[in-house]
Amino acid sequence: MVTADLLPTVDTAKRLGLLAEEYEKICAILGRNPNFTELSLYSVMWSEHCSYKNSILQLKTLPRKGGRLLVGAGEENAGLVDIGDGLACAFKIESHNHPSAIEPYQGAATGVGGIHRDIFTMGARPIAALNSLRFGKPDNPRMKRLIAGVVKGIGDYGNCFGVPTVGGEVYFYDCYHHDILVNAMSVGIVQVGETISATAGGPGNSVFIVGSATGKDGIHGATFASADLSEDSHEDLPAVQVGDPFQEKLLLEATLEAIKTGAIVGMQDMGAAGIACSTSEMSARAGCGMRIDLDKVPQRHANMEAWEILLSESQERMLIVCKPEKEDLLKAVFAKWDLPCEKIGETTAGGLLEYYWHGKKVAEVPANSLVLGGGAPVYVREQREPAYFAEIARFRMEDISEPTDLYQVAQTLWASPNIASKRWITRQYDSMVRTATVTSTRPADAAVVYVKGTRKALALTTDCNSAYVYADPYRGAMIAVCEAARNITCAGGEPVAITNCLNFGNPYNPEVYYQFAQAVRGMGDACRKLNTPVTGGNVSFYNQYIDNGKVIPVYPTPTIGMLGILEDWEQLMTLDFKAEGDLIYLLGESRNDIGSSEYLREVHRVEHSPCPHFDLEEEFRMLNVLRDIIRKRLVQSAHDVSEGGLFVTLMECAMPRQLGFTVCSKPSIRKDAWLFGEAQSRVVVSVAPEKKALFEQYLQERGQPFEWLGRVEGCRVYVDGEDWGLVSSWKYIYEHRLEELMR
């Protein structure tokens, strides 16, 4: 008999984030009214963060099979890709947005810790971390505090845990002034066939909780992540978790050692919704149930109640299902690493989750009713084209006056926080720990990491220009995928799969849901074309702020984390100009296009304009040609044209060796569009003079458009014969601008 000490009502359900009809569905599932503990279970497991109830039908349209994929989206804690030589790569990206907006240091730190646990829960050792960050303008005092806290949280956790942070991206837009975005990605390596599944296996197995003791931090964190932020959100601070990277390092080593004992049937990280989530998902996967004694869970706070233990999101914890005859092996490993390892229950037949508190049953629910694909509700929300599209449609480039002083424009653009170096941020991250990062001293468009013991390397990137997605969710999401592929290819790799972190506003807003549905469609079309299946990730809705009744959503931000492979690390291609006299070419075509460019925003203060030119077939052909000319060593460097346009790309190629260049514009293109436009599917390459004929002949045979831009020479910048100064002067501004803003 279930104890019913607290008898909640539909109003209680609403306060916990459930809808009235969802409360009625819970009553129907149970055949009775739930008690408070049971209702709390459903409130976290049916939250958007855990159930994907407003997104799953859209996500199912994404390509989730094919290529090198071993484990696809939704099958395990992370995706798994075959990289050859008997090895696989586990990788995933997730958000920790709301916690970071409330408590930036712990919010960001626990985001890093949580995503690493998803990787080593599968038996893979994390070898690299990346991130994707969005903030408001960095000259705002509150934003300076948030930026500093997030960066320090990421750096401290990653540096102490001992996994290098090798790449990422940072943008600054006004729409992120209240709702910052903190997306963290982890990448690990495991032997094929030695992974661990997040399953309970079947009845008769032992259930252990290992790692840190359970406290009151993070309770209802999943529900908190599934609601709008407001002026009162700081009162939800207890919903923010607290991390301990040193404890996680011990947990990593103990977990990987325990796997080798053969004692483990299944294992799952305790992230969102804590014990509630791990017990229900592992049971549902196996079609069994569990009996759990919550009072046996190690606790670090006195007087905790059963429902608090069940929902706590205390960090550095795992749920392990163990073969009963091998319990002593498991305990011995965790004792060696001085970590708690407590048996809290066993798996049962019948599919029921039964939770006890000092011998008294406090909750009994069907495991399958809590999870995605089982009893959790699924919705398709109303869609409506955003009203601001009308303003975008009215944009005409002819209405934008072409500046007469392009040098001054270039300086203004160069000082934009979105263009300037993020060195102030990245120098706080250890990129060299484990000594496998190739690109820490060799600049490339993607991070490249050795796979030790082989000739292989992984190329890794996170990408999304949310301004493009705001202008056109479908095309903007395709661009996000293709820019990631372009960066991987420029670095000499072959794109093989993606993970995604889909950051949007409130799904009950028809305009937001339109953005979401169209972005998923665009992502899917691009991934199918490039044969880069989706391995998983997460959806983060409710990234909007309510200020005096006005709703301020973030730009739709479908962040792409992409994995690429270099079969031989010597295939690496860097972005820097190599020698004076080298010829500079543009793969792709210059276009009269300034849509959604940083130039248009920073110089002309125009927010609403079309997405830049993009054609998926054009991109696909260019990527194939680019890959071939890199492998044939026909080019000395490769760097894609993105934010800031051609001028910024050229400067980024020039700065590493402080080699200057001289370039000439194309007469048929407006000079501001030629220099600062962000039309897609373009890459700047440099070519040794002796390979000029072979290079041009190959491109002509492949039908690839290209333009000769100029040559590498001296240490100064010349544009159409005008002297724009020393590369070193531009470099100083580039490297110190963000630091100046953060003072």
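Below, each value reflects all heavy atoms present in this structure, side chains not excepted, and no hydrogens, waters or symmetry copies.
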So, [X] and [Y], do they make that salt bridge, N to O below 4.0 Å?
| X | Y | answer |
| --- | --- | --- |
| Lys249 | Glu316 | no |
| Arg627 | Glu494 | no |
| Arg455 | Glu570 | yes |

Between [atom1] on residue [X] and [atom2] on residue [Y], distance to nearest 0.5 Å:
| X | Y | atom1 | atom2 | answer |
| --- | --- | --- | --- | --- |
| Asp244 | Thr110 | CG | OG1 | 12.0 Å |
| Ser278 | Met282 | OG | CE | 7.5 Å |
| Leu626 | Thr489 | CG | OG1 | 6.0 Å |
| Lys323 | Ile264 | NZ | CD1 | 10.0 Å |
| Asn500 | Met185 | CG | CE | 11.0 Å |
| His301 | Ser314 | NE2 | OG | 7.5 Å |

Please walk me through it: do Ile147 and Phe172 pass side chain to side chain contact (heavy atoms under 4.5 Å, CB included)? CA-CA 10 Å; Ile147 295 169; Phe172 304 92; 3.8 Å; yes

Does [X] reach the main-chain N or O of [Y] with its side chain, forming a donor-acceptor pair under 3.5 Å?
| X | Y | result |
| --- | --- | --- |
| Thr535 | Ile498 | yes |
| Ser312 | Ile309 | no |
| Ser100 | Ala108 | yes |
| Glu76 | Ala198 | yes |
| Lys92 | Asn77 | yes |
| His98 | Tyr542 | yes |
| Glu257 | Val333 | no |
| Glu103 | Gln106 | yes |
| Lys216 | Arg300 | no |
| Lys456 | Ile83 | yes |

Contact check, side chains of [X] and [Y], non-hydrogen atoms, under 4.5 Å:
| X | Y | result |
| --- | --- | --- |
| Val683 | Arg486 | yes |
| Leu181 | Ser132 | no |
| Leu502 | Met523 | yes |
| Thr557 | Arg134 | yes |
| Leu741 | Trp424 | no |
| Met270 | Ile275 | yes |
| Val496 | Ile488 | no |
| Asn97 | Val554 | no |

Would you check if there is a donor-acceptor pair between the side chains of [Y] and [X] at a distance under 3.5 Å?
| X | Y | value |
| --- | --- | --- |
| Tyr176 | Ser466 | yes |
| Glu652 | His639 | yes |
| Thr214 | Gln299 | no |
| Tyr105 | Asp156 | yes |
| Thr454 | Asp85 | no |

At their closest point, which heavy atom of [X] faces which heavy atom of [Y], and how far apart are they?
| X | Y | answer |
| --- | --- | --- |
| Asp576 | Ser637 | O-CB, 3.2 Å |
| Cys490 | Met573 | O-CB, 3.2 Å |
| Ala446 | Asn487 | CB-O, 3.7 Å |
| Leu572 | Val448 | CD1-CG2, 3.6 Å |
| Cys341 | Phe334 | CB-CB, 3.6 Å |
| Cys322 | Val265 | C-CG2, 4.0 Å |

Out of Asn538, Asn183, Asn503, which residue meets the side-chain hydrogen bond (donor to acceptor under 3.5 Å, both in side chains) rule with Ser95? Asn538

Can you check side chain to side chain contact (heavy atoms under 4.5 Å, CB included) on Asn131 and Thr462, steps first, answer last? CA-CA 7 Å; Asn131 53 65; Thr462 56; over 6 Å; no

Step-by-step side chain to side chain contact (heavy atoms under 4.5 Å, CB included) determination, Phe135 to Val150: CA-CA 10 Å; Phe135 301 107; Val150 165; 4.0 Å; yes

Heavy-atom neighbours of Lys422 NZ exceed 12 at 6.0 Å: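 More than 12 within 6.0 Å, yes.
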
Is the Tyr173 ring parallel, tilted or perpendicular to the Tyr171 ring (thresholds 30°, 60°)?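 Aromatic pair Tyr173/Tyr171 classed parallel.
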
Determine, stepwise, if the pair Thr255 / Arg117 fulfils side chain to side chain contact (heavy atoms under 4.5 Å, CB included). CA-CA 10 Å; Thr255 299; Arg117 283 196 304 279; over 6 Å; no

Run through Leu130, Val449, Ile115 and flag the one making a side-chain contact (heavy atoms from CB on, under 4.5 Å) with Val187.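 Of the listed residues Leu130, Val449, Ile115, the side-chain contact (heavy atoms from CB on, under 4.5 Å) partner of Val187 is Leu130.
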
